[in-house]
Amino acid sequence: MGAVSFRKLNKSYGSLRIVKDLDLEIADGEFVVLVGPSGCGKSTTLRMLAGLESITSGEVRIGDTVVNDLQPRQRDIAMVFQDYALYPHKTVRENLGFSLKVRGVPRAEADRLIEEVAAMLGIGHLLDRRPGQLSGGQRQRVAMGRAIVRRPQVFLFDEPLSNLDAQLRGQVRTEIKKLHQALRTTILYVTHDQVEAMTLADRIVILRGGVIEQVGTPDQVYNSPASVFVGGFIGAPAMNFLRGRIEAGQARCADGVTLDLRQVAGVPAEGQEVIIGLRPEHIRAGHGAGVDFAATVQVVEPLGADTLAHVGIGDAVLTARLDPKTHPQTGSRIALSIAPGDLHLFDARTEQALR
Ligand code: ADP
Ligand code: MG
């Protein structure tokens, strides 16, 4: 079974704590994406699972086996790196077949496995080339193929798309998802890109400073972010935030901006300081969605399908993703609104969600 479990996992370099009491259970066959800003401990966590980094304390299991003290090759995992790490002097066939050769898989059987995987990844016509004769996307497919031929219990990916251009990144991303649908092997995938996390994951783990902020399905972390950090990290353009204080059912924000929250469920007690989160795509042109406000259009960015309007409200600037048919005019005053259920409320002190 390819279930993975991290129990009270810690990693320190000297007195510097990098991963802090990480607890996470990954089910067999699940696709879990570990996402967070650069330096938050994603690669370190993955490398502890792979056996490439020692564990300071805690336990890592694959299936029923505690793997803390096993060598990487004893762990039945395969890892795909950002820089592919292919053997430059070997052909694609030799790169794909290397692990099979080491394991003494008979030649005919190895050839069959290599060709099957190559066909799955659409690189069957490249088997006699060397890595230097391939494009970045093709190299990335070879790196994945090399992991797949081994039929491991768990695949580990560390930012595998970072070196590809935007278009290719989208293509290979789709292929990775298809691959998981076909093989149903457990995947732990590390990225700093929230779009990759949202599109690929069964569950997303958001890591910040070596601590898990939230674990949930893409739907859960998008619709019910547990904290200001998660709200701001998941979703693009990023969630807007306003600070305010609750007074008579209203949020009084900086500079006399007031949002009427009387229709919003779970508004905290009088006097509490809150942070209000508004997603750009939830802000609508015109009044009437429930919580109405007015703002001054500062910058307009047409994207074709949508138009981004950066609007000033008091001291704050919010981004609204509007229907291009609304043609917001720079410098004009516009009416905007948001449905009460689309507002996110956070405690200003703890930055945790209030509902
Ligand atoms: P991420 O993959 O999330 O970008 P990493 O897991 O690579 O982050 O690194 C987490 C933190 O650990 C970083 O601040 C990094 O500088 C630090 N770090 C990584 N390796 C070492 C090391 N060998 N010695 C000291 N600090 C390290
Ligand atoms: Mg990393």
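Just so you know, ligand 1 is whichever comes first in the structure, and atom 1 is the first atom listed for that ligand.
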of all protein heavy atoms, closest to atom 6 (O) of ligand 1 is T44 OG1, 2.5 Å
task = Return a yes/no value for L16: is any of its N or O atoms, backbone included, closer than 3.5 angstrom to an N or O of ligand 1?
result = no
Protein contact for atom 16 (O) of ligand 1 (heavy atom, distance under 4.0 Å): no
- Would you check whether I18 has a nitrogen or oxygen atom less than 3.5 angstrom from a nitrogen or oxygen atom of ligand 1? no
### Task
Please determine if R112 and E109 form a salt bridge, counting it only when a charged side-chain N lies under 4.0 Å from a carboxylate O.
yes
*Is any N, O or S atom of S43 under 2.8 Å away from the Mg ion (ligand 2)?*
yes
The protein heavy atom nearest to atom 18 (N) of ligand 1 is Y13 CE1, 3.6 Å
query: Are H89 and E94 linked by a side-chain donor-acceptor pair shorter than 3.5 Å?
result: no
Side chain to side chain, R252 and L259, heavy atoms closer than 4.5 Å = no
Query - Test: R150 cationic atom under 6.0 Å from F155 six-membered ring centre, within 45° of axis - result: no
Judged by heavy atoms only, the candidate from S38, G209, S43, P37 nearest atom 2 (O) of ligand 1 is S43
R7 side chain to S5 side chain, donor-acceptor N/O pair below 3.5 angstrom: yes
Below 4.0 Å from ligand 1: does a non-hydrogen atom of G36 turn up there or not? no
For this session: Could you check if a side-chain atom of V33 sits within less than 4.5 angstrom of a side-chain atom of D202, using non-hydrogen atoms only?
Result: no
- [ ] Look at atom 10 (C) of ligand 1 and say whether a protein heavy atom is found at less than 4.0 angstrom from it.
- [x] yes
Check: of G210, G14, G39, min heavy-atom distance to atom 8 (O) of ligand 1 comes from G39
One finds that the ligand 1 atoms under 4.0 Å from a non-hydrogen atom of G41 are 1 (P), 3 (O), 6 (O), 8 (O), 10 (C)
Check: Is NZ or CZ of K90 both nearer than 6.0 Å to the six-membered ring centre of Y87 and within 45° of the ring axis?
Finding: yes
Self-check item: Between S162 and E159: side-chain donor-acceptor atoms closer than 3.5 Å
Solution: yes
